[in-house]
Amino acid sequence: MEAVLVLNADLGPLHRVSVRHAVRMLLRQVAEIHEAEPDRIIGVYPMPRVVRLVRYIVTKWRYSKGPGWSRSGVVHRDGRRCAYCSAAGTTVDHILPRSRGGRNTWSNTVAACYGCNQRKGNRTPAEAGMVLRFEPTVPTWAALTPAARR
Ligand SMILES: [Zn+2]
């Protein structure tokens, strides 16, 4: 078992890499030795057991999972515009209404103006004869950062 554990800069474990890979990370100075084998040397380094990244990286699973759902996130994602009529959208509409099993998910919710939300009521857009201007999707983390909210 020569695998080396890689820690994020905040000491959160990320994954395991080969010793060779770990040494390359040390050479490139993207990682530092966090824990080494007591009496073993590899090249100029103590044999690493655990290395720690110099800079914090945002892990991939965060991207693939996407940000958690929130009402304000939905309104922000949709540019504060109603998904049906593009008027100012301040409420959140459930495409499949909650009373009929619709969930709080990015793909089931859109920003809507008060009028459209009332008009749609307990119906799907098709039943209400209303057309979504776009297909709602999971926003990126970047799109929900405080800077992007301005
Ligand atoms: Zn509207």
Side-chain angles (χ1 to χ4, degrees), residues 1-36 45 48-150:
M1 256 288 287
E2 297 280 47
V4 177
L5 178 65
V6 179
L7 300 180
N8 211 337
D10 67 350
L11 303 185
L14 291 173
H15 52 250
R16 287 182 178 275
V17 297
S18 67
V19 172
R20 277 183 59 185
H21 188 119
V23 169
R24 276 204 300 274
M25 292 170 80
L26 297 173
L27 284 168
R28 277 166 40 225
Q29 300 187 324
V30 297
E32 292 171 348
I33 290 179
H34 187 72
E35 229 183 276
Y45 299 103
R49 214 162 11 181
V50 182
V51 296
R52 184 184 70 247
L53 295 182
V54 174
R55 285 163 181 239
Y56 181 80
I57 59 152
V58 178
T59 47
K60 283 193 188 106
W61 63 264
R62 251 187 105 192
Y63 282 116
S64 57
K65 196 166 168 240
W69 182 91
S70 68
R71 277 175 186 278
S72 64
V74 170
V75 170
H76 175 74
R77 179 198 64 188
D78 298 346
R80 298 174 197 287
R81 294 277 154 205
C82 174
Y84 299 101
C85 74
S86 77
T90 50
T91 68
V92 168
D93 174 61
H94 288 73
I95 297 168
L96 177 66
R98 264 183 305 179
S99 58
R100 292 165 58 178
R103 308 274 304 275
N104 285 342
T105 60
W106 291 113
S107 55
N108 191 50
T109 49
V110 288
C113 69
Y114 183 75
C116 285
N117 211 336
Q118 289 293 108
R119 199 176 123 215
K120 181 168 167 294
N122 198 26
R123 299 177 292 179
T124 64
E127 289 167 355
M130 294 163 74
V131 179
L132 283 166
R133 293 185 296 116
F134 56 87
E135 188 80 14
T137 56
V138 178
T140 61
W141 283 93
L144 292 181
T145 56
R149 279 176 184 256
R150 265 180 232 134

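Ligands are counted one by one from 1 in listed order, and the atoms in each one are counted from 1 as well. All figures in this text were calculated on a predicted structure; none of them were measured in a lab.
Remark: side-chain polar atoms of Trp106 are not paired, donor with acceptor, to backbone N or O of Thr137 under 3.5 angstrom. Looking at Asn8, its side chain does come within 3.5 Å of a backbone N or O of Ile57 through a donor-acceptor pair. In this structure a side-chain-to-backbone donor-acceptor pair under 3.5 Å is present from Thr109 to Thr105.
By the criterion of a separation under 2.8 Å, the protein N/O/S atoms near the Zn ion (ligand 1) amount to Cys82 SG, Cys85 SG, Cys113 SG, Cys116 SG.
For the pairing with Asp93, the salt bridge (Lys or Arg N to Asp or Glu O under 4.0 Å) check across Arg119, Lys120, Arg71, Arg123 returns one residue only, Lys120.
Residues satisfying the side chain to side chain donor-acceptor pair (under 3.5 Å) criterion with Arg100, sequence neighbours excluded, are Glu127.
Atoms CD and OG, from Glu135 and Ser107 in turn, are 8.5 Å apart once rounded to the nearest 0.5 Å.
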